[in-house]
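Read through the structure below, which is laid out as structure tokens, and then see the notes.
We count ligands from 1, going down the list as the structure has it; atoms in each ligand are counted the same way.
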Amino acid sequence: MTSHIMPTYQRLPVTFVRGEGAWLWDEDGHRHLDALSGIAVCNLGHAHPAIHQAICEQSRTLLHTSNIYGIGLQAKLADRLTEKSGMDNVFFCNSGAEANEAAIKLARKYGHGLGVEKPAIIVMEKSFHGRTLATLSATGNSKVQQGFEPLVEGFVRVPYNDISAIKQALADHVGIVAILVEPVQGEGGVNLPATDYLSEIRTLCDQRQLLMMLDEIQTGIGRSGRFVAYQHSGVVPDVCTLAKALGNGVPIGACMAKGKAAEILTVGSHGSTFGGNLLACRAALAVLDVLDETDLIAQAGNKGQRISSLFTEQLQGNSHVQEIRHLGLMIGIELDRPCGELVKSALARNLLINVTNEKTIRLLPPLIFDDRQIAQLVTVLSELIHAYTGS
Ligand SMILES: Cc1ncc(COP(=O)(O)O)c(C=O)c1O
């Protein structure tokens with residue numbers, strides 16, 4: 001069969017037609033345990049009744065008007081997000097890459113306001129910020145960039161989790177106006193920085209009038225065990241981007257700003273047709289309601305800890321397991337060899353997982369994952385890892 005879809009994705013040979021909670025059913029009626037949540041999107045699980053109801057009600061009322069007019073639900077969502085995050089205001093868009101584009105534009109405009117002719121942003125090795133031209137240029141992965149040169153200029157790259165490298169870059173380059181970093185690198189392999197990494201970046205930014213910009217697209221909306229991951233470190237950035245789980249599957253992105261950064265984007269400087277439309281905002285408000293009414297965020301911390309401990313137990317003595325890392329329900333199991341094959345063998349056991357940065361099994365189960373699902377995940381995946389590594 002020929003496909004009329006551009007072949008930009010390496011797809012697994014399965015198509016899902018229905019979901020409920022952490023379960024997905026394929027076309028043949030087989031049930032699969034979803035430990036990936038559509039890559040950190042469906043944090044509340046599939047077909048959540050509150051999200052379903054909100055979307056249905058909104059579609060009966062009004063879907064879209066445009067940002068030419070006031071949008072009450074958008075204002076309400078901005079209030080809720082700023083209250084939860086400690087930020088001041090929000091620009092709404094439709095994806096993570098767009099949220100980061102807004103952040104990059106904001107940083108450049110901030111730089112021009114300071115009289116910097118060619119503003120530059122410090123970004124990290126192994127980072128991932130999206131697939132638009134500016135965000136792929138900011139991304140620290142040459143595979144994402146290959147074939148799309150010339151890249152957008154104005155990015156200075158340093159190793160992740162290395163404050164002295166940032167200081168060196170600041171000494172070596174003129175025109176740096178911002179630092180863009182993920183609190184935990186997701187695509188890069190679930191890489192956790194040192195405990196004081198973010199607070200040291202905050203200090204540097206304060207000393208040198210730089211914007212601290214956090215990409216919380218994967219870490220945000222409760223996944224880390226806090227609403228946003230920077231709340232683990234006690235600092236507040238100048239700019240923070242969200243997307244993925246904000247709409248639990250309805251596309252929505254947000255670029256939030258605080259203090260001086262909140263005054264940079266003004267009338268006419270940025271925009272989006274769909275950004276923050278009624279449907280997307282209604283879905284996001286329903287997500288926030290569910291998070292407020294439950295202790296799912298706090299539980300994410302406990303569940304992540306439990307999953308990590310269980311894997312440590314089950315994989316003990318397997319010398320091919322290099323490290324098990326986690327923050328909340330962002331879990332990485334690094335092997336000593338490429339292990340993309342494991343995704344297929346897990347699928348054959350009706351378990352959905354992911355491998356990133358070649359050697360790291362990445363698990364992003366929904367926040368509603370229960371004890372039995374945790375047990376199933378750990379048992380099946382540990383067996384597969386032992387079989388794969390031959391120990
Ligand atoms: C940290 C981070 N930033 C940005 C993006 C890009 O988001 P989107 O695919 O919605 O454009 C991703 C997607 O994986 C991400 O993990």
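The protein residues lying under 4.0 angstrom from ligand 1, judged by non-hydrogen atoms, are Ser95, Gly96, Ala97, Asn100, Phe128, His129, Gly130, Glu182, Glu187, Asp215, Ile217, Gln218, Lys244.
With sequence neighbours excluded, the residues forming a side-chain contact (heavy atoms from CB on, under 4.5 Å) with Gln373 are Ala22, Trp23, Leu33, Phe369, Asp370, listed by chain and number.
Residue pairs that meet the salt bridge (charged side-chain N to carboxylate O under 4.0 Å, His left out) test with at least one member in residues 313-331, sequence neighbours left out, are Glu323-Arg325, Arg325-Glu334. Every pair tested for salt bridge (charged side-chain N to carboxylate O under 4.0 Å, His left out) that includes a residue from residues 160-180 fails, sequence neighbours excluded, so the list is empty.
Asn318 and His386 are linked by a side-chain donor-acceptor pair at a separation below 3.5 angstrom, with hydrogens and angles left out of the test.
Partner of His129 under the side-chain hydrogen bond (donor to acceptor under 3.5 Å, both in side chains) criterion, chosen from Thr241, Asp215, Thr135: Asp215.
Remark: Lys126 fails to qualify as a cation-pi partner of Tyr160 under the 6.0 Å distance and 45° angle criteria applied to the six-membered ring.
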